Amino acid sequence: MGKVKASDAVVRLLENWGINHIYGIPGDSIDTMVEALRKEESKIKFYTVRHEEVASLAAAAYSKLTGKIGVCLAIGGPGAIHLLNGMYDAKMDHVPMLVLVGHIPSRLTGTDYFQEVDTVELFKDVAVYNKKITSAESFPAVVNQAIRTAYTKRGVAVLSIPDDIPLGEISDSAPQLFNDFEKKTPGLVQDDLNDAVALINKATSPVILAGVGAKNAKNELKAFAERIDAPVAITLPGKGAISDLHPNFIGNIGKIGTKPAYRAMKSSDLLIMIGTDYPYAAYLPEGAKCVQIDIDPEKIGKRYAVTNGIVGDSAEALDYLTEHVTPVSDRPFLKTCQDNMKTWWNWMNEDQDQKKSPIAPEALMAGIESISEDDTIYSVDVGTSTVWSTRYLRLRENQDFIVSAWLGTMGCGLPGAIAAKQTFPDRQAIAITGDGAFAMVMQDFATAVHYKMPIIVVVLNNKQLAFIKYEQQSAGQLKYAVDFGDIDYAKFAEACGGKGFRIQNYEELQPALEQAKASDVPVILDVAVDVNAAPLPGKIVMDEAKGYARFTAKSIAENHKMEKMPPMKTVMRRFL
């Protein structure tokens, strides 16, 4: 029986779990683990980023795209603290993540040593599994359990590793080096399925709300919607669950959603929620019956009064419902929704036909869509870029769309594109981000250059935190503390070794997009967008209208001028 370093045993264990890459930054308190990874670099690639936050955000994005566990690594203390943002993104979007952080040697714990941070306490809220490694012998077994727990609970498992522990030698045939794990999906309950069939058959105006849990059931969702002739609305993280081009599609709900989706919800007699924990009850039907399908029993009835709950895999549940419900081929309610959607798309096409300078964000989205491929992965940041992308990009069946949905953290766009290109090198990866969000992580554009990842980063540059500006206005407040100085992101791209295009006039847009698509190195498109482009809600509700009225009155009273507002035609379309 031979001996092996605990660090080498753990790396073998990671290989057995199918882990083939890690994002992170080396450092003294984690270097023993990094040395073990170096010896296995042909099997597990280490991607060195410029900021630990990007490592954790990229790991979360990888998990969102694949369902597999994302892994990141950093030193203890400051490195561990920097990981928190991406860890919370994984926690709140319910994806598995393994986090390995260094720690000072065991003999020095509690001595207020350099960079000593109580990481177990630090990660208590964010982690579903949170342990400090106490011995070389237990190290592989604890890692094994961490991965199992992350998968089972769809969350973050974090291990704090004193730097002396990985050096310890253990048996090279320890049984914990081998995983034997299969995640079990709750079985469907026949009575629940039968009750759902009865409710669906009785409904005259059913609406489907598809969330991220429906993304693994695209074909089943499509077949079910067509079987019962029902409109399909989506949540933000659910974008892509059904093609935007499908005739039953009515868009997102909520402030970033569409007016047809709002109207459909408010006139529905049956809400069918699939894989979503949608939080904004004001946008859901009032008093309608509800069928909810979710793999997590805790989500059933959490946000909305459920008539019938189905716990289990959404694809399996939809298959059953599609087979057993009475088919409908001519539902008047759907036709009304489709007529509303036709009007909506006509409005959106008008917006996208603007050929002005500075460039309308809506027109920019049309340009991006024109160079997208059938399997493009969009990594969308948080801010007005979320609104424009969600509303105006018409996703096709095999395209993917990822975003920081529940945490809503700025800076997720670039790390997501890096993860997309690393995971699917033959697919086009496009990050869409505002200048405020991009500036938070822009240093890692150099990471994409270093690893030869030809991603496209589209920066909507309006020199301000535009979404926050419109939040202030809708609350009746004056604009304050949201303006930036200018940065030439195209020059920055060139300085990093990529390509950059600074686009200030509409006529420059399409040629630059075409060059970006053809590039074999990372590209930044620095697009000067209209500073007054307003990401209005799809349906302006009364409270929002009152807020804009207070903002206008306050601007006249204090600034002695009326701020530029969206065209009255657009406002009235969204309000009435």
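Nothing here was measured: the structure is a model prediction, and the numbers come from that model.
At least one donor-acceptor pair closer than 3.5 Å links the side chain of S56 to the backbone N or O of E53. With hydrogens and angles disregarded, a donor-acceptor distance shorter than 3.5 Å links the side chain of D296 to the backbone of E298. Looking at D93, its side chain does come within 3.5 Å of a backbone N or O of A405 through a donor-acceptor pair. Looking only at distances, a side-chain donor or acceptor of Q292 sits under 3.5 Å from a matching main-chain atom of G301. Here the side chain of D118 pairs a donor or acceptor atom with the backbone of E121 at under 3.5 angstrom. The backbone N or O of L395 lies less than 3.5 Å from a partner atom in the side chain of S243, making a donor-acceptor pair. K64 places a side-chain N or O within 3.5 Å of a backbone atom of V403 that can act as its donor or acceptor partner. Using modelled atom types, no side-chain atom of D294 and backbone atom of V311 make a donor-acceptor pair closer than 3.5 Å. Counting only distance, with no hydrogens or angles, the side chain of T386 and the backbone of G383 share a donor-acceptor pair below 3.5 Å. The closest donor-acceptor contact from the side chain of D400 to the backbone of G240 lies at 3.5 Å or more, if one exists at all.
Between F492 and F438, the ring-plane angle classifies as perpendicular under the 30° and 60° cut-offs.
Other residues, nucleotides and ligands contribute more than 12 heavy atoms inside 6.0 Å of the NZ atom of K91. Open room surrounds NZ on K68; 12 or fewer heavy atoms of other groups in view lie less than 6.0 Å from it. For CZ of F484, the number of neighbouring non-hydrogen atoms (other residues, nucleotides, ligands) closer than 6.0 Å is greater than 12. Within a 6.0 Å sphere centred on CZ of R50, heavy atoms belonging to other residues, nucleotides or ligands number 12 at most.
Here I295 contributes atom CD1 and I300 contributes atom CD1; the two are 11.0 Å apart, rounded to the nearest 0.5 Å. Between the OG1 atom in T447 and the OH atom in Y23 there is a gap of 11.0 Å [rounded to 0.5 Å]. Remark: M97 CE to L83 CG distance equals 8.5 Å, nearest 0.5 Å. Atoms CD1 and CG, on I19 and L98 in that order, are 6.0 Å from each other to the nearest 0.5 Å. Between atom CG of residue L414 and atom CD1 of residue I432 there is a gap of 13.0 Å, rounded to the nearest 0.5 Å. One finds the CD1 atom of I234 at 8.5 Å from the NZ atom of K215 (value rounded to the nearest 0.5 Å).
At a threshold of 4.5 Å between non-hydrogen side-chain atoms, the residues L465 and M410 count as touching. Looking at I104 and S29, their side chains never come closer than 4.5 Å, going by heavy atoms from C-beta outward. I377 has its side chain within reach of L65: a pair of non-hydrogen atoms, C-beta onward, lies under 4.5 Å apart. No side-chain heavy atom of V527 sits under 4.5 Å from any side-chain heavy atom of F501. No side-chain heavy atom of I69 sits less than 4.5 Å from a side-chain heavy atom of Y62. Under the 4.5 Å side-chain criterion, counting only non-hydrogen atoms from C-beta, L284 is in contact with Y278. Using a 4.5 Å heavy-atom cutoff, the side chains of I293 and M273 are not in contact. Inter-residue side-chain proximity for M453 and I418 is flagged as met; some heavy-atom pair is nearer than 4.5 Å.
Taking 4.0 Å as the cut-off between side-chain N and carboxylate O, D374 and R427 do not count as a salt-bridged pair. We find that D172 and K3 are not joined by a salt bridge, their nearest charged nitrogen and carboxylate oxygen being 4.0 Å or further apart. Ion pair E397/K222 flagged as a salt bridge, since at least one NZ, NE, NH1 or NH2 atom sits closer than 4.0 Å to an Asp/Glu carboxylate oxygen. Remark: K491 does not engage D526 in a salt bridge, criterion side-chain N to carboxylate O under 4.0 Å. Salt-bridge check for E41 with R38: failed, with every basic side-chain N at 4.0 Å or more from each acidic carboxylate O. A salt bridge links K39 with D8: the distance from a Lys NZ or Arg NE/NH1/NH2 to an Asp or Glu carboxylate oxygen falls below 4.0 Å.
Cation-pi contact between K131 and Y129: present, with separation from the ring centre below 6.0 Å and deviation from the ring axis of at most 45°. Annotation: cation-pi pair K153/Y151 absent, no NZ/CZ under 6.0 Å from the ring centroid and within 45° of its normal.
Shortest non-hydrogen contact noted between E220 and L318 is CB-CB, 3.9 Å. When every heavy atom of R502 is checked against every heavy atom of N461, the shortest pair comes out as NH1-ND2, 4.1 Å. The minimum heavy-atom distance between T32 and P166, with the atom names listed, is CG2-CB, 3.5 Å. Annotation for S389 and F401: closest pair CB-CE1, 4.2 Å, computed over non-hydrogen atoms. The two residues V101 and A80 make their nearest non-hydrogen contact at CG1-CB, 4.0 Å. The nearest pair of heavy atoms linking M33 to I161 is CG-CD1, 4.4 Å.
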task: Please step through side chain to side chain donor-acceptor pair (under 3.5 Å) for the pair Y489 and E494, ending with a clear verdict.
output: CA-CA 9 Å; Y489 295 106; E494 301 285 348; over 6 Å; no
- prompt: Can you check side chain to side chain donor-acceptor pair (under 3.5 Å) on W17 and N144, steps first, answer last?
  reply: CA-CA 9 Å; W17 275 99; N144 200 45; 2.8 Å; yes
task: Take L188 and I310 through the test side chain to side chain contact (heavy atoms under 4.5 Å, CB included) and record every step on the way to the result.
output: CA-CA 7 Å; L188 300 172; I310 299 173; 3.8 Å; yes
Chi angles and distances behind the side chain to side chain contact (heavy atoms under 4.5 Å, CB included) call for V143, L14: CA-CA 9 Å; V143 173; L14 298 179; 4.1 Å; yes
- request: Before giving the answer on side chain to side chain contact (heavy atoms under 4.5 Å, CB included), spell out for V128 and V156 the whole-Å C-alpha distance, their side-chain angles and the decisive distance to 0.1 Å.
  value: CA-CA 6 Å; V128 296; V156 179; 5.6 Å; no
Stepwise side chain to side chain donor-acceptor pair (under 3.5 Å) test for H51 and Q443: CA-CA 8 Å; H51 194 293; Q443 74 285 332; 5.3 Å; no
task: Begin from the C-alpha positions of V449 and V521 and carry the test side chain to side chain contact (heavy atoms under 4.5 Å, CB included) through to its verdict.
output: CA-CA 7 Å; V449 173; V521 299; over 6 Å; no
Intermediate values then yes/no, salt bridge (Lys or Arg N to Asp or Glu O under 4.0 Å), D277 and R303: CA-CA 7 Å; D277 188 27; R303 309 283 184 184; 3.1 Å; yes
- prompt: Going through the distances and angles, do D89 and T409 end up as a side chain to side chain donor-acceptor pair (under 3.5 Å)?
  reply: CA-CA 7 Å; D89 183 52; T409 183; over 6 Å; no
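Side-chain contact check for T152 and T149: no donor-acceptor pair (N or O, by modelled atom type) lies under 3.5 Å. For the 3.5 Å distance criterion, the side chains of R396 and S372 qualify, holding a donor opposite an acceptor.
Not counting sequence neighbours, H94 has no partner by the ring pair (Phe, Tyr, Trp, His ring centres under 6.0 Å) test.
When each of V54, V49, N85 is paired with V441, the side chain to side chain contact (heavy atoms under 4.5 Å, CB included) condition holds for V54 and for no other.
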